[in-house]
**Q** 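So that we are looking at the same thing, I have put the structure below in C-alpha cells.
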Number of protein chains: 2
Amino acid sequence: MSKLKDKKSLRIIPLGGLGEVGRNMMLLEYKGRILILDMGFRLPEESMPGIDYIIPNISYLKDKKENILGIVFTHGHYDHIGAVPYLIEKIWRPNLPIFASPLTRGIILKRQKDFPNQPPLRVEKVRDGSKIQLGPFKVEFFRMNHNIPDNLGLFIKTPVGNLLHTSDFKFDKNPVNEPPTNFKKLKDLGKRGVLLLISDSTGAEQEGHSLSEKEIFKNLDKIFSKAKGRIFVSTFASLINRIQQVITLSERYKRKVLIEGLSMKTNVEIARNLKYIRAKRGTLIKKKQLKNLADCRITVLCTGAQGEPEATLVKIANREHKILRFKKGDTVILSSSVIPGNERTVQIVKDNILRQGAKVFHYQMMDIHASGHARQEELKKMIDIIKPRFFLPIHGQYSMLVAHADLAKEMGIPEENIIVCENGQIINLTKKRISLLKEEVPAHYVMVDGLGIGDVGEIVLRDRKQLAKDGMFVIVVVVDRQSGRVRGSPDIISRGFIYLRESKKLLKETRKRIINIVHKATGSGGAVNWTYVKGEIKDKIGEFLYQKTQRRPMVLPVLIEV
Amino acid sequence: MSKLKDKKSLRIIPLGGLGEVGRNMMLLEYKGRILILDMGFRLPEESMPGIDYIIPNISYLKDKKENILGIVFTHGHYDHIGAVPYLIEKIWRPNLPIFASPLTRGIILKRQKDFPNQPPLRVEKVRDGSKIQLGPFKVEFFRMNHNIPDNLGLFIKTPVGNLLHTSDFKFDKNPVNEPPTNFKKLKDLGKRGVLLLISDSTGAEQEGHSLSEKEIFKNLDKIFSKAKGRIFVSTFASLINRIQQVITLSERYKRKVLIEGLSMKTNVEIARNLKYIRAKRGTLIKKKQLKNLADCRITVLCTGAQGEPEATLVKIANREHKILRFKKGDTVILSSSVIPGNERTVQIVKDNILRQGAKVFHYQMMDIHASGHARQEELKKMIDIIKPRFFLPIHGQYSMLVAHADLAKEMGIPEENIIVCENGQIINLTKKRISLLKEEVPAHYVMVDGLGIGDVGEIVLRDRKQLAKDGMFVIVVVVDRQSGRVRGSPDIISRGFIYLRESKKLLKETRKRIINIVHKATGSGGAVNWTYVKGEIKDKIGEFLYQKTQRRPMVLPVLIEV
C-alpha cells in the first residue's frame with residue numbers, strides 16, 4: 001500500500017533505544033537505501049538470568065547488505081557502539097563506510113580486538129564540521145557536550161528536508177576538557193530549516209537544568225581538600241571527563257593516581273593516546289608503588305560504583321581484593337548515579353565500606369555526579385533554538401518519551417507533528433507530514449549469552465526462571481522390559497529444591513508413588529504408553545511435592561527400559 | 001567471663017532490623033529473663049531466588065521458653081509483626097503475655113487465620129498511656145505518629161535505668177485521622193531521665209523534615225480536582241492513613257471507591273471495624289456497580305505501586321485484569337515511594353500505563369507520598385527532647401545507622417556513649433556504661449520458602465543461582481555390567497541452557513565424548529570407580545560445553561549399571 005508513498009518519503013526506523021534505556025540504533029531509508037545511526041547494546045532485565053546483553057534486532061537488514069550506505073556513530077558509549085562486534089559481521093562488506101570521531105573510533109577498534117574472527121573494520125574519522133555524502137544523505141557533524149568527549153550531533157540533509165539528531169547531549173557552559181556548548185552553531189543549523197528534530201529524552205522527566213561539570217569539580221575539590229587519608233573514587237569507566245577531573249584534582253593535592261580495573265585502564269589508555277585525558281608524567285602509578293607513598297598521597301580510581309560483582313571497589317568492600325582493604329581514615333567517593341535496579345547492590349557495597357571504617361560520599365549527599373543528559377529546561381531550549389516542524393523524541397523509557405513530547409507541545413509544536421513510537425515502527429516523513437506506517441519491522445529482543453547471539457529465547461528464559469525459583473527434580477526409573485517392574489529404587493537428582501539429606505521421609509514417599517505410577521501402567525500387561533507414564537509422573541509427583549512443600553521444582557522423569 | 005557482669009547489667013540483643021530494612025526484633029534480657037520487642041519479616045534479596053521472606057533467627061531462645069516474659073508489638077506493619085506465624089510456635093506457651101494496640105492486634109490475629117495449626121494467641125490491648133509490668137520491666141506505651149494508626153513508642157523502666165524505644169516514627173503537626181505529635185508527653189518522658197534512647201534510623205540519611213500528611217492531602221486534592229475521568233490510586237495496603245485520604249477526597253469529589261486487591265481489602269476491613277478508617281455509607285462499592293457510574297464518579301484504590309506481579313494495578317497495566325483496562329482520560333496516582341530494588345519493575349508498569357493513554361502521577365513528580373520515618377531534623381529534635389545518656393540507632397541499613405550516630409554526636413552525645421552494631425551482637429548496659437560483649441548470638445538469615453522455614457540454605461540458593469544463569473544438563477548413561485559398554489545412546493535432559501533441537505551437532509559430539517569417558521574407565525576390565533567416572537563426565541563435559549558456548553550449565557551425570 002505504501003509503495004508509492006515510500007518513493008517520495010523518508011522512512012525512519014528505530015531498532016532500539018525507544019521505550020528502553022540503551023540499545024540505540026536507528027535506520028534512515030530513502031528509496032531502499034539505508035543509513036545506520038549507532039549500534040548499541042543494553043543490559044538485561046532482572047527477568048533474564050544469565051543474559052549478558054540485549055542487542056538490536058536487525059532481521060530487517062537481512063538481504064539488504066548492498067543497500068546499506070554506511071554507519072555513522074555519535075559517540076563512544078556502549079549503548080551506542082556496544083553491539084558492533086555482535087552485529088557487524090551480518091551486514092559487513094569490504095569498504096562498508098563507517099564514520100566516527102577519533103575517540104569513538106578508538107574505543108570501537110580496541111573492543112574489536114577482544115572478539116576473534118571479526119571483519120577488518122575501516123572507520124573514518126569525522127570531527128566537528130566534517131561533512132560526508134552517503135547516497136541521498138549529506139551528514140554534517142557538530143560537537144555536542146555529553147559526559148564523554150568527542151560526542152557528535154548529526155545534521156542530515158535528505159531529499160525530504162533536514163533532520164537534526166542531537167545524539168545524547170547536555171548544555172554545559174563550563175565543561176571539563178572541552179569547549180562549552182556552541183549555541184551559535186546550533187542557531188545557525190536551526191536557521192537553515194529543520195524539518196525533523198530527533199532528540200535525546202533521557203532527562204525529560206527531570207526538572208530544571210543539568211549540573212555543569214564545573215559544579216561537580218568544585219564539590220570534588222572540597223572533599224579532596226579535606227581528606228587526610230587515601231581517596232578512592234569510583235565511577236563509570238566510560239566517564240572520561242570525570243576521570244580527568246580526578247586526575248587533575250589529585251595533581252592539585254599532590255596525590256598519585258592508581259587506576260584499577262580493566263575497563264577503566266583500557267579507556268584511560270585510549271583516551272590518553274588521543275590526548276583526551278592529560279596527566280603529568282609520574283601522576284599515574286603502578287600497584288607496587290603504593291607502598292612507598294603516604295596515605296595522603298594516594299588516589300585510587302576504580303570501577304564498582306554500580307555494585308558490579310567483579311569491580312575493584314566491590315572486591316575491596318567485600319575484603320576479596322588481592323592487596324587493597326578499606327580502613328579508618330579512607331575517603332570513598334561514589335561519583336556516579338545508580339542505574340535503576342542496582343540500588344540494592346550499591347547499598348550493600350556502601351554498607352560494607354562503612355563497616356570497615358571508611359567515610360563514604362555519594363551523589364545523594366552532595367553533587368559529585370552530573371548526568372550527561374539534558375533536563376527539561378535544556379530540552380525546551382533545544383526545541384526553541386532549532387524550531388523544527390516535526391519532533392521525534394528518542395533514547396529513553398516510554399515515560400521519558402511521553403514527557404519529552406509534552407515539552408514539545410508546551411513549546412508550541414502541534415500534537416500531530418510529534419511522534420511517540422516504539423522500536424520497529426516505521427516513521428514516514430515527507431515535506432508536509434509525519435506519520436506511522438501500519439507495517440512494522442521485527443524489533444523483539446536479541447539476547448547475547450556467552451558465545452550465543454539470539455539462541456536464548458523465551459522458553460530457555462522461562463525454564464531458567466522456574467529453575468531459579470524452586471530448583472529441579474530429576475527422576476530416573478529403570479523398568480524391566482519383561483516384567484514391567486521397576487528395578488531397584490528410582491534415582492532422584494535434585495538441586496535448588498530442598499536438602500535431600502534432610503528430607504528422607506519425603507523422598508521415600510516420593511519413590512513409592514513413582515513406582516506405583518509405573519506399575520499401574522505396566523500392570524495390565526499390554527503395550528505401555530511411556531509418554532503418558534512420564535506425564536503422569538510429572539503431574540502427580542509435581543503436585544505431591546507442592547502439597548508437601550508449596551514449591552514447584554521442575555520435575556523431569558527419565559524412563560529406561562532394560 | 002561476663003557472668004558476674006551480666007547479673008547487674010541489662011543485655012539488649014537485636015535479632016533483626018540492624019544493617020537491613022525490615023525483620024525488626026529485639027530482646028531485652030535481665031538476669032536471664034527476656035522481653036521480646038516486635039517480630040517482623042523482610043523481603044528477600046535479589047540473590048535469593050524463590051525465597052518468600054527472611055525472618056529473625058531465634059536459635060538463642062531455644063530452651064528459654066519459660067524465661068520469656070512476653071512480647072510487645074509497636075505497630076501493625078509486617079516488618080514488625082510479619083514473622084509471628086513462622087516463629088510463635090517455637091516460643092509459645094499457654095498464657096504467654098502478648099501486647100499490642102487494637103489495630104496492631106487486629107492485623108496480627110487476622111493474619112494468624114491464614115496459617116493452619118497456629119497456637120491460640122491471646123493478645124492484650126494496650127493504648128497511649130497503658131502501663132504493664134513484665135518481670136523486671138515496666139513498659140509504658142505512648143502514641144507516636146507514623147503512617148499507620150495506633151503506633152506506640154515504649155518507655156521501659158528497667159533495673160539499670162529507663163529506655164525509650166521510638167518505634168518507627170515521624171513528627172507530624174498535621175497528620176490524617178489522628179492527633180499530632182504530643183511533644184509535651186515526650187518532654188515529660190525525657191525529664192524522667194532516659195538512660196538509653198533506641199531510635200528509628202530509616203530516615204537518617206535524608207536532610208530536613210519529613211513531609212506532613214497534610215501536604216500530601218493538598219497535592220492529592222489538586223489532582224482529584226482536575227481529573228475528568230476515572231482515578232486509580234495505588235499505594236501500600238498497609239498505609240491506612242493514605243487509604244483514608246483517598247476515601248475522603250473521593251467523597252469530596254462525589255466519587256465512589258472500589259477497593260481492589262486482597263491485602264488492601266483485608267486491611268480496610270480490619271481498620272473500618274476498629275474505626276481507623278471512616279467512609280460514608282455507599283462510598284465503598286463493589287465491582288458490579290462500576291458499570292452504572294460515569295467515569296468521573298469512580299475511584300479505584302489498589303495495590304501495585306511497587307510493581308508486584310500479582311497486584312491489581314500491574315494486572316491492569318499488563319492487560320491481564322479481568323474487567324479493568326486503562327484508557328485515555330484516566331488518571332493514575334502512584335502514591336508510594338519505590339522500595340530500593342523495585343525501580344525497574346515500577347518503570348515498566350508506568351510505561352505500560354502510559355502506552356494505554358492514561359496520565360500518571362508519581363512521587364518524583366510531586367509530593368503525593370510521605371515517608372513514615374523521621375528525617376535528620378526530627379531525629380535531632382528527638383535526641384534533644386529526650387536527652388539520653390546513651391544512644392542506640394536501630395531500624396535501617398548500616399549506612400543509616402552510621403548517619404544516625406553522626407547526628408547523635410552532632411547533638412553532643414559522646415562517641416563512646418553511642419553503639420552502632422549488628423544483629424546478634426549483645427549490648428551490655430549498666431547505669432554507667434554501654435558496651436558490646438565479645439560473645440554473639442546466632443543471627444544469620446532464616447529463609448521462608450513455601451511451607452519450609454529455614455530449610456533453604458546457602459547450598460540450595462547457590463544451586464538455584466547457577467541453574468538460573470546457565471541451566472542444567474543431566475546425562476543418563478546405561479552401562480552393561482558384563483561388557484562395560486554403554487547401552488544405546490546417553491540420555492540428555494537439559495533445561496535453561498540452549499535449545500537442544502537447534503544444537504544437534506553439539507549434542508552428538510557431547511554424547512561421543514561421554515561414551516569415550518565411560519569406555520576408557522571400563523576398558524581395562526578391572527573394577528570401575530563409578531564416582532571417579534561421574535567426576536570425569538562432570539568436569540570434561542562441563543569444560544567442553546563451556547568451550548563451545550561460554551556457558552556453564554550444571555552438569556549432573558547419572559550412571560546406571562544393568
**Q** Between Q364(B) and chain A, with a heavy-atom cut-off of 4.5 Å, which part of the residue counts as in contact: side chain, backbone, both or neither?
**A**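 Contact with chain A: none, neither part.
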**Q** Counting heavy-atom pairs under 4.5 Å to chain A, which of K548(B), M472(B), K465(B) comes out on top?
**A**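 With the most close heavy-atom pairs to chain A, the winner is M472(B).
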**Q** Do the non-hydrogen side-chain atoms of L556(A) and V474(B) ever get within less than 4.5 Å of each other?
**A**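 No, too far: nothing below the 4.5 Å cut-off.
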**Q** Side chain from CB out, backbone as N, CA, C, O: work out which of these in T549(A) comes under 4.5 Å of a heavy atom of chain B, or both, or neither.
**A**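 Backbone only.
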**Q** With only heavy atoms counted, which part of V562(A) is less than 4.5 Å from chain B, the side chain, the backbone, both or neither?
**A**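 The answer is both parts of V562(A).
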**Q** With a 4.5 angstrom heavy-atom cut-off, is it the side chain or the backbone of Y546(B) that approaches chain A, or both, or neither?
**A**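 For Y546(B), neither part sits under 4.5 Å from chain A.
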**Q** Output the option from P49(B), G452(B), G19(B) having the highest count of non-hydrogen pairs under 4.5 Å with chain A.
**A**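 The answer is P49(B).
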**Q** With the side chain counted from C-beta on, respond yes when R495(B) and M554(A) share a heavy-atom pair under 4.5 Å apart, and no when they do not.
**A**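 Sidechains of M554(A) and R495(B): in contact.
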**Q** Between atom CZ of R464(B) and atom CG of D470(A), what is the distance when rounded to the nearest 0.5 Å?
**A**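 Here the interatomic distance stands at 5.5 Å.
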**Q** Find the one option among D491(B), V558(B), V402(B) whose heavy-atom pairs under 4.5 Å with chain A are most numerous.
**A**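 Among the listed options, the one with the most contacts to chain A is V558(B).
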**Q** Top residue by heavy-atom pair count (under 4.5 Å) with chain A, among S494(B), G457(B), S503(B), G471(B)?
**A**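 Top option by heavy-atom pairs under 4.5 Å: G457(B).
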**Q** Answer with side chain, backbone, both or neither: which region of L354(A) has an atom nearer than 4.5 Å to a non-hydrogen atom of chain B?
**A**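 Its backbone and side chain both get close to chain B.
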**Q** Calculate, to the nearest 0.5 Å, the distance between atoms OH and CD1 belonging to Y398(A) and I353(B) respectively.
**A**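 Going from the OH atom of Y398(A) to the CD1 atom of I353(B) covers 13.0 Å.
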**Q** Could you look at R355(A) and say if it's the side chain, the backbone, both or neither that has a heavy atom under 4.5 Å from chain B?
**A**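 Answer is both: backbone and side chain atoms of R355(A) are under 4.5 Å from chain B.
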**Q** E502(A) versus chain B, heavy atoms under 4.5 Å apart: side chain, backbone, both or neither?
**A**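 It is neither, since no heavy atom gets under 4.5 Å.
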**Q** Please look at I348(B) and chain A and tell me whether the side chain, the backbone, both or neither of the residue comes under 4.5 angstrom of a heavy atom of that chain.
**A**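 Contact with chain A involves the side chain of I348(B) alone.
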**Q** Which of the residues K350(B), Q347(B), Q466(B) is involved in the greatest number of heavy-atom pairs with chain A at under 4.5 angstrom?
**A**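 Of K350(B), Q347(B), Q466(B), Q347(B) has the most heavy-atom pairs under 4.5 Å with chain A.
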**Q** Given R344(B), which partner from the list E20(A), E45(A), E343(A) fulfils the salt bridge (Lys or Arg N to Asp or Glu O under 4.0 Å) test?
**A**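 Testing each of E20(A), E45(A), E343(A) against R344(B), the sole residue satisfying salt bridge (Lys or Arg N to Asp or Glu O under 4.0 Å) is E45(A).
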**Q** Between I339(A) and chain B, which part of the residue has a heavy atom less than 4.5 Å away: side chain, backbone, both or neither?
**A**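 Neither part.
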**Q** Are V460(B) and Y499(A) packed together at the side-chain level, in the sense that at least one heavy-atom pair is separated by less than 4.5 angstrom?
**A**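 Yes. Closest side-chain heavy atoms under 4.5 Å.
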**Q** Suppose we screen for side chain to side chain donor-acceptor pair (under 3.5 Å). Which residues come up paired with R462(A), at least two apart in sequence or across chains?
**A**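 For R462(A), no residue satisfies side chain to side chain donor-acceptor pair (under 3.5 Å) once neighbours in sequence are set aside.
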